[in-house]
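Start at 1 with the first residue, then count along the sequence. Below, each value reflects all heavy atoms present in this structure, side chains not excepted, and no hydrogens, waters or symmetry copies.
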Amino acid sequence: MFMGKVGRLSLPVKKFSVRLFLLIVFAVVLPLSLVSVYIAAHMEAFLRERLSQNVFQNVQRSEGYISSCLEDLAYFSNIFAYDTNLREMLYEPESSTYEASKYFDEIIARSQIENPDDLRANAKIVLIDKYGRVLSNWSLNFNDYKFLLNESWVKESMDNDGHIVWSLFSPAYIVGDKGRYISLARSILSDITSGEYIGTLIISIEQSEFERILRAYAYENDQVYILLDNGDVLMSSTSSGAFSSDELRLIYEEGSGNRQGNEIISSGNSRYLLSYYTIPHPWVFNDSQMKVFHFSDYAPIEEEVQEAMSILRFAIILVFCIVLFISFTLSRRVVKPITTLTEQLRDYSIGMHFKDLDPNRQDEIGDLHRGVLRMNARLEKLFSRVKEEHEAREHYYYESLRAQLNPHYLYNTLGTIRWMAIARSADNIVEAIDSLASTLRYSMGKESIVTVRDEIEHIESYVHIHNLRYAAYADLSVNVPEDIMNMNMMRFILQPIVENSIIHGFDKSKSMIHISISGETKDGKLYIRILDDGVGIKKEAIKALESDEKGKRLTGIGLRNVNESIKLQYGREYGIRISERTDTHGTEALFILPAITGETSEESNDSR
């Protein structure tokens, strides 16, 4: 409600250009801004997820590589377990320790030549036979290493019929070495996979070899840690990491329920993307599962996001500027022409000249301007026609008044003369006075609509008076059916035609002019035809009537005025058609009127 009041009171909001601008802002700029924020957030999440997936893939590669290395160590142990000569030396109690140690070194040298691998080259190998003799590829320093046979994982291998038992990240068993080792132990039997126990083989590689493997698949400046179930750090890819043991333990406890995932971790002034992954079985340490924590520097991701956000912000500003330009252009090209046209239409009047309209524009504004100009032209034409019709009606009314004589005193005077003529037995004078009185009575009528009978009786009186004046040279015949006689028509529209036939159409070569009036109805229209056999109507008079030419007077009341009055009264499809007769000399006038039957006002007055 409040916003509606503000919108109604605020004048700028009423302007189309402002509304258009606000529409574009709310429909384009604001959604684009929200979309940009949404895209930035999802892009950051996408980059984080993509980097974590890469980390997981690298961890899985490391895991696969470690598995491959361990398999290689297991294969390496087969060389010793399957060597027949070595088994014979270990089986014989009197065999020379020197010869056995020499042959042991040859096996190691031969395997390294066949497979020059750093892992084998750096492996610590020790073989203890059942007689307590110790063979190794490092100096024993006169130390007794038979204590290894008491290790739980070594004992397990002795009872395992030659199968390998692993010990992951165990403390070094070599005197003076403080590192951690991954070791395998397996029993050597007299007949490869069966027979009598003759010795135990132990092969170990340092933990640093696995740390090297972890670093091989990590990104630059990444830090990799392997943690146990209790949060202790088992190993790491760096000696001086950014995270302390307590921090790693806390991070581990917060996400201990998830096997893998990623999150943002802050340490000091740096931010890291932590991707963690649980190493599946069978790779465990002392029955404890291990989890890899991979910390990646988050600064490059933030830089990419910020760069993308900068591009989006620039795009939004660019769009905003484009919106301003479009609004300004539309205001100039659309709103201003419409405003100009509206202001002129507000003060519109007939004959007004429109300014600053461009009908040559090939767009909707041009169509609007052309439509307004066409409308103005039509209105001016219609107004001109209405003015002409009004003038014609006024002129006809004026001429009708002129055709009427002063009613009462003249009618009373004629009544007196009639009684004087009767007193003197002047019948012809009586007839003349009766006809003139009938004509005057008809002229005195105030209603414009009469019956066909009234109009024809008036014509008969008019012709009778002329025949009295001019020795009966006009012969009038009427052939109108009785039903048409009761139809309605306009007053004084037939007399101008009959008067024109008598006065202007009389052929002096003949002794009489014949005038006939007939009527018929067809398709709801009344047709009254007046024929004469006079000299005919002039062609210019017909042309003037058909072209509505002004200034032509064809009789006392112009035929043009009669024609216009009929059209004004009934419609443009009605009127008079004047033509020359084709069967003989003379003129034909055809009145086209609506076929209307009903009581006229004069009949109603007479009945009262």
Side-chain angles (χ1 to χ4, degrees), residues 400 403-404 430-468 472 474-502 505 512-534 557 559 562-563 565-571 573-579 581 583-584 586-608:
S400 298
Q404 298 179 13
V430 173
E431 292 177 0
I433 291 174
D434 288 340
S435 297
L436 181 57
S438 176
T439 302
L440 290 175
R441 187 182 300 109
Y442 188 72
S443 300
M444 288 168 56
K446 296 181 180 180
E447 298 296 330
S448 61
I449 303 300
V450 297
T451 64
V452 176
R453 187 188 308 280
D454 294 334
E455 184 74 1
I456 289 179
E457 288 178 352
H458 170 68
I459 296 300
E460 290 175 342
S461 297
Y462 176 80
V463 172
H464 182 70
I465 292 173
H466 270 278
N467 283 336
L468 290 176
D475 176 49
L476 176 65
S477 62
V478 179
N479 183 21
V480 179
E482 186 65 24
D483 58 336
I484 295 179
M485 284 291 193
N486 296 322
M487 290 186 177
N488 295 341
M489 65 179 296
M490 293 178 64
R491 184 194 296 267
F492 286 124
I493 61 174
L494 298 184
Q495 179 184 331
I497 299 297
V498 175
E499 180 182 353
N500 190 69
S501 298
I502 293 175
M512 182 174 290
I513 183 171
H514 296 278
I515 301 173
S516 65
I517 301 176
S518 61
E520 63 176 343
T521 58
K522 183 179 180 181
D523 297 331
K525 293 183 180 180
L526 170 61
Y527 297 91
I528 298 178
R529 183 176 283 103
I530 300 178
L531 303 175
D532 68 56
D533 58 354
I557 300 176
L559 293 182
V562 175
N563 188 40
S565 297
I566 294 174
K567 292 181 180 298
L568 288 174
Q569 180 69 31
Y570 298 119
E573 58 181 310
Y574 301 100
I576 309 174
R577 294 179 184 175
I578 305 295
S579 63
R581 294 181 63 176
D583 55 342
T584 182
T587 303
E588 176 181 348
L590 178 64
F591 288 79
I592 305 174
L593 307 171
I596 302 174
T597 301
E599 187 182 62
T600 64
S601 298
E602 285 193 347
E603 290 175 343
S604 177
N605 293 333
D606 292 342
S607 64
R608 288 194 296 269

Q.
If I compare all heavy atoms of A589 with all of I578, which pair ends up nearest, and what's the gap?
A. CB-CD1, 3.5 Å
Q. Can you tell me how far CD of Q569 sits from CE of M489, rounded to the nearest 0.5 angstrom?
A. 11.5 Å
Q: Using the ring of Y574 (Phe, Tyr or Trp, six-membered ring only), decide whether K525 places NZ or CZ under 6.0 Å from its centre and within 45 degrees of its axis.
A: yes
**Q.** Minimum-distance pair of heavy atoms, taken over all atoms of V480 and V452
**A.** CG1-CG1, 4.4 Å
Q. Hey, what do you get for CD (E499) to CZ (F492), rounding to the nearest 0.5 Å?
A. 11.0 Å
Q: Check I513 against S501 and note the closest heavy-atom contact, atom names and distance.
A: CD1-O, 3.3 Å
Q | Gap between atom CE of M485 and atom OG1 of T451 - 0.5 Å precision | A | 9.0 Å
Q | Minimal non-hydrogen separation, P496 against V562, with atom names | A | CG-CG2, 3.9 Å
Q: Nearest 0.5 Å please: distance from the CG atom of L526 over to the CE atom of M487.
A: 6.0 Å
(Q) Using a 3.5 Å distance criterion without hydrogens, assess whether the side chain of D533 forms a donor-acceptor pair with backbone atoms of H514. (A) yes
(Q) How long is the straight-line distance from CD of E520 back to CG of N479, given to the nearest 0.5 Å? (A) 10.5 Å
Q. Roughly how far, to the nearest 0.5 Å, is NZ of K567 from CD1 of I592?
A. 8.0 Å
Q: Please name the residue in the list I528, N563, L593 that meets the side chain to side chain contact (heavy atoms under 4.5 Å, CB included) test with I576.
A: N563
(Q) Strictly distance-based, threshold 3.5 Å: is any side-chain N or O of E455 a donor or acceptor partner for the main-chain N or O of I493? (A) yes
Q.
Using only atom types and a distance under 3.5 Å, with no angle test, would you say the side chain of E588 pairs donor to acceptor with the backbone of I530?
A. no
**Q.** Reference residue I502; test side chain to side chain contact (heavy atoms under 4.5 Å, CB included); the match among I497, D532, V463
**A.** V463
Q: Locate the shortest heavy-atom distance separating G519 from P481; write the atom from each residue and the value.
A: O-CD, 3.4 Å
Q. Are the charged groups of D583 and R581 less than 4.0 angstrom apart, N to O?
A. yes
